[in-house]
Amino acid sequence: MMGSMHHPMEDWVRQLNLTAEQMARLQEMREAYLRDTLVWRNELVIKRFDLRDLWRNPQVDPNQVLAKQREISELESKIQERAVLYQLEMRKVLTPEQIKLLPPGFGFGGFRGWRMMPGWGRGMGRE
């Protein structure tokens, strides 16, 4: 049986040398972010299925496709804005030295590395 696979993000998580209090606070913040965006993320999945169905219709009205795409873009924008706010809040928990150690891509709205922290994502931290 294979052991747990090493993920590159584990290295920088260790480098941050987070305290127990920091880990707990970051976990709370992550859970709040996921709760806050749950409805939008669920709506997004449904709207993407709706858009897929529109594209499969040979008689589709182009305005319906455009309208659905606008709805999707609005939801993505809301989620991305909330992600940026989440990342800004996360930085408040870190020391200036820890902030300097954050990986490239952190703070660009698409960074999802915190889910890879031990106990926070699928598979990681489950020794």
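These values consider heavy atoms only, across backbone and side chains, with no hydrogens, waters or symmetry-generated copies.
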Leu34 side chain near Arg30 side chain, heavy-atom distance below 4.5 Å: yes
Using a 3.5 Å cut-off and no angle test, enumerate the donor-acceptor pairs between side-chain atoms of residues 55-64 and protein atoms at least two apart in sequence or in another chain.
| from | atom 1 | to | atom 2 | distance (Å) |
| --- | --- | --- | --- | --- |
| Asn57 | OD1 | Gln59 | N | 2.7 |
| Asp61 | OD1 | Asn63 | N | 2.9 |

Between Glu28 and Arg25, is there a side-chain N and carboxylate O pair less than 4.0 Å apart? yes
Rounded to the nearest 0.5 Å, what separates atom CG in Leu102 from atom CD in Gln87? 9.5 Å
Would you name the heavy atoms of Arg82 and Trp40 that are closest together and state the gap between them? CB-CZ3, 4.1 Å
Donor on one side chain, acceptor on other, Ser77 and Glu81, under 3.5 Å: no
According to side chain to side chain donor-acceptor pair (under 3.5 Å), does anything in residues 43-53 pair up with another residue at least two apart or in another chain? List the pairs. Lys47-Glu71, Arg48-Glu76
Answer whether the closest heavy-atom distance between the side chains of Glu31 and Gln27 falls below 4.5 Å. yes
Of the non-hydrogen atoms in Leu75 and Leu44, which two are nearest, and what is the gap between them? CD1-N, 3.7 Å
Exercise: do Gln22 and Gln98 side chains pair donor with acceptor under 3.5 Å: yes
When hydrophobic residues are tied together by side-chain contacts of less than 4.5 Å, even through go-betweens, does Leu101 share a cluster with Val93? yes
Using a 4.5 Å side-chain heavy-atom cut-off and chaining through intermediate ILVMFWY residues, the residues clustered with Val45 come out as Phe49
